[in-house]
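What follows is a short report on a single structure.
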Amino acid sequence: MSGIKPARRWQPAFYPFKREKIGRRILERTELLVKGALYGCRMCGNCLLQETAFICPMECPKGMRNGPCGGVTPEKHCYVDETRKCVWHSIYKRAIKKGREKTLLEVLPPLDWNKVGTETWLDVINQVRKVGTGKFMKSLISNDIEEKSRMWDLVFRSIRQPIWWHGDSDYHPATYSEPVSNLERLLRNGDFVFATEVTPPLSATSEKLSRDIELVKPWVTAINFTDASSANPKMSGIACCKVAADLGAEPVYQIAARDTTRVGLQSNIIGAGQFGIKNVLCVTGDNSKTGPLPTSEMNIVDLDSVQMLWILRRMRDEGIYLDGRKMKFPPKFFLGAATSPFASDPELQAIRDQKKVNAGAQFFQTNLIFEPERLDSWLEELDRRDVLKKVFILIGITPLKSFKAANYLHQKVPGVYLPGKVLNRMEKAGEGAAEEGIQIALELIDSIRNKKGVNGIHLMTLGWEPVVERIVRESGFHHAAGR
């Protein structure tokens, strides 16, 4: 881990896309020599060190620039490279220790690839001159914390927040008044809802997909289609959503940043409404390490989920593309995000989740939960931050079908943890493991249903769609689940 000492870097430095003048090249090499040794700098040209406690977020294998993903191991290590601590966990810890927690809420922009590989020092020098070199130097030794913060922000804000982004740390509620989807309408009405996932097919036929949709449609409010989960190619989410909409079901369009560029994101969302898609879920996506061989690009994602939320919210509420172009008819959708409540300490996870809500998330779907008692501290942290009244939360539950499946989730799926008592129950159940898994799911729903801030259940059946009817029926919520 970098931080005022040399450290092994995950990836080599970026280099400019165009040849620079000799003076700039010398400055670039000097900056790389200094910042590379101290911070593991990749020369992204969009430096955020001042806002990330002087730990470079580009050390993250995913290139996450707005906080950690949900794949932190129990030891707070990166699931892509378990030999290294999660860089964002270290950033959070140091920022809180230094009293700079508020900076962690600012929505930071994606890379401007025209600047990637170039130096940042000259931009800083020019900005210092604009605000006054003497004033800035004086503020560095001043005991006036507010003045020091103000001067610091005058210099570095324009560098980290270009005019095409305008990120901040404020909450941005939706500007429309009437619900755009049935899912949003029921949640606003205070109903306890059920949503589920239907597994996208591996082949080009949609016959089984249609049967599964018809099977679960009467029992849930909305149906989610994963976007190549575990980095494993399947039928695209937008195609599955079209099939669902044609069958009269309400789809949730899941978009993984892993396979999405900022151009593709904006184009797809403009077209999604033409397929009857009104619910959109933004996820960063599993790293390609979790997918089949040969392993695809692991270098960096173009966007993270927070940036996706920010872009889509502005498209919907302000009617603008990322580059500032206006649109006459903006898209309309209910915007959601994924969260993994146990991926980090509750206090740190709540910071990440508050940032997503500030950026535009209106509902959360959580990772799989097997320890409902641990939800309390996370929900309390969200409540302390005044987040619970701004977002609807659907808790992820799965009926385990076998001990093998339970063990796989526990050992292989990032952000999912099964307590020993659940694993023991599944192992002892033997041939009755599937029934035991259903009972565990029903017990979990019963223990979660009355928690403050919980608005519903997101059933992830992992291909076991026929079980949805039974779980909804026996949970006693069919009146709210029906469409």
Side-chain angles (χ1 to χ4, degrees), residues 70-77 79 82 192 194-199 208 212 215-216 219-220 224 226 229-230 232 286 290 292 338-346 349 365-379 393-451 454 456-478 481:
V72 184
T73 71
E75 297 77 26
K76 310 307 178 190
H77 283 213
Y79 82 94
E82 295 187 13
F192 192 91
F194 272 79
T196 193
E197 287 181 356
V198 168
T199 304
K208 183 178 184 302
D212 288 340
L215 194 63
V216 303
W219 309 102
V220 297
N224 189 300
T226 57
S229 59
S230 299
N232 199 347
D286 300 316
T290 65
T339 181
S340 190
F342 308 151
S344 190
D345 302 333
Q349 186 61 38
Q365 290 180 351
T366 78
N367 210 336
L368 293 174
I369 300 299
F370 290 95
E371 300 170 282
E373 64 280 0
R374 289 182 62 194
L375 281 173
D376 295 335
S377 55
W378 172 65
L379 291 169
I393 300 176
L394 307 183
I395 301 297
I397 299 292
T398 188
L400 299 166
K401 205 170 186 178
S402 66
F403 172 67
K404 181 180 179 181
N407 208 37
Y408 178 85
L409 289 173
H410 180 64
Q411 294 185 0
K412 300 293 185 180
V413 179
V416 176
Y417 311 105
L418 277 70
K421 61 183 180 181
V422 171
L423 290 171
N424 290 337
R425 283 179 64 176
M426 292 300 296
E427 186 174 21
K428 290 179 181 178
E431 293 183 0
E435 178 61 29
E436 188 70 13
I438 293 173
Q439 293 306 314
I440 290 171
L442 290 169
E443 292 168 16
L444 290 171
I445 292 170
D446 189 58
S447 63
I448 286 169
R449 62 198 295 176
N450 294 320
K451 289 185 182 294
V454 174
I457 299 296
H458 179 55
L459 277 177
M460 290 180 265
T461 61
L462 309 179
W464 194 10
E465 284 81 5
V467 80
V468 170
E469 177 182 350
R470 179 181 172 187
I471 289 178
V472 175
R473 276 186 179 279
E474 294 189 16
S475 69
F477 281 109
H478 183 226

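On a predicted model such as this, the values are computed, not experimentally measured, just so you know.
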message = Please enumerate all residues that pass side-chain contact (heavy atoms from CB on, under 4.5 Å) together with Thr366, with sequence neighbours excluded.
response = Thr339, Pro341, Ile369, Trp378, Ile393, Ile395
ask   = Can the positive tip of Arg449 be found less than 6.0 Å from the middle of the six-membered ring of Phe192, inside 45° of the ring normal?
value = no
Distance-only donor-acceptor pairs under 3.5 Å for side chains of residues 429-436, two or more places apart:
from   : atom 1 : to     : atom 2 : distance (Å)
Glu435 : OE1    : Arg470 : NH1    : 2.8
Glu435 : OE1    : Arg470 : NH2    : 3.4
Glu435 : OE2    : Gln439 : NE2    : 3.0
Glu435 : OE2    : Arg470 : NH2    : 2.7
Glu436 : OE2    : Arg425 : NE     : 2.7
Glu436 : OE2    : Arg425 : NH2    : 2.9

query = Roughly how far, to the nearest 0.5 Å, is OG of Ser475 from CG of Leu442?
reply = 7.0 Å
request  = Could you check if a side-chain atom of Phe342 sits within less than 4.5 angstrom of a side-chain atom of Leu375, using non-hydrogen atoms only?
outcome  = yes
task = Kindly determine whether Val454 and Leu379 satisfy side-chain contact (heavy atoms from CB on, under 4.5 Å), including the steps that lead there.
result = CA-CA 9 Å; Val454 174; Leu379 291 169; 4.1 Å; yes
query = If you take all heavy atoms of Pro399 and Thr461, which pair is closest and at what distance?
reply = CD-CA, 4.2 Å
Sequence neighbours excluded and cut-off under 3.5 Å, please list the side-chain donor-acceptor pairs for residues 417-424, or say none.
from   : atom 1 : to     : atom 2 : distance (Å)
Tyr417 : OH     : Val72  : O      : 2.7
Asn424 : ND2    : Gly420 : O      : 3.2

ask   = Say you draw a straight line from OG1 of Thr73 to CD of Glu82; how long is it, rounded to the nearest 0.5 Å?
value = 6.0 Å
task = Taking all non-hydrogen atoms of both residues into account, name the closest pair between Ala343 and Gln349 and its distance.
result = CB-OE1, 3.8 Å
request  = Specify the closest pair of heavy atoms between Gly71 and Pro414, including all atoms of both residues, with the distance to one decimal.
outcome  = CA-CB, 3.5 Å
ask   = Roughly how far, to the nearest 0.5 Å, is the CG atom of Leu444 from the CD atom of Glu371?
value = 10.0 Å
query = CG of Asn232 to OG1 of Thr290: how many Å apart, nearest 0.5 Å?
reply = 8.5 Å
task = State which residues pass side chain to side chain donor-acceptor pair (under 3.5 Å) with Asn224; sequence neighbours excluded, sorted by chain then number.
result = Gln365
inquiry  = Any heavy-atom pair between the side chains of Thr226 and Met460 that's under 4.5 Å?
reply    = no
task = Please report the C-alpha distance between Glu469 and Leu215 in whole Å, then the side-chain angles of each, then the deciding distance to 0.1 Å, and finally whether the side-chain contact (heavy atoms from CB on, under 4.5 Å) criterion is met.
result = CA-CA 8 Å; Glu469 177 182 350; Leu215 194 63; 5.8 Å; no
message = Could you walk me through whether Trp219 and Leu459 satisfy the side-chain contact (heavy atoms from CB on, under 4.5 Å) test, starting with their C-alpha distance in whole Å, then the side-chain angles of each, then the deciding distance to 0.1 Å, before giving a yes or no?
response = CA-CA 11 Å; Trp219 309 102; Leu459 277 177; over 6 Å; no
key: Check against side-chain contact (heavy atoms from CB on, under 4.5 Å), Asp345 and Lys76   = CA-CA 9 Å; Asp345 302 333; Lys76 310 307 178 190; 3.7 Å; yes
ask   = Does the side chain of Leu462 reach to within under 4.5 Å of the side chain of Leu409, using non-hydrogen atoms?
value = yes
inquiry  = In the structure I gave you, are the side-chain heavy atoms of Trp464 and Ile438 within less than 4.5 Å of one another anywhere?
reply    = yes
inquiry  = The criterion is side chain to side chain donor-acceptor pair (under 3.5 Å); which residues satisfy it with Lys451, sequence neighbours excluded?
reply    = Asp376
ask   = Between Ile448 and Ile397, is any pair of side-chain heavy atoms under 4.5 Å apart?
value = yes
For Lys208, salt bridge (Lys or Arg N to Asp or Glu O under 4.0 Å) partners two or more places apart = Asp212
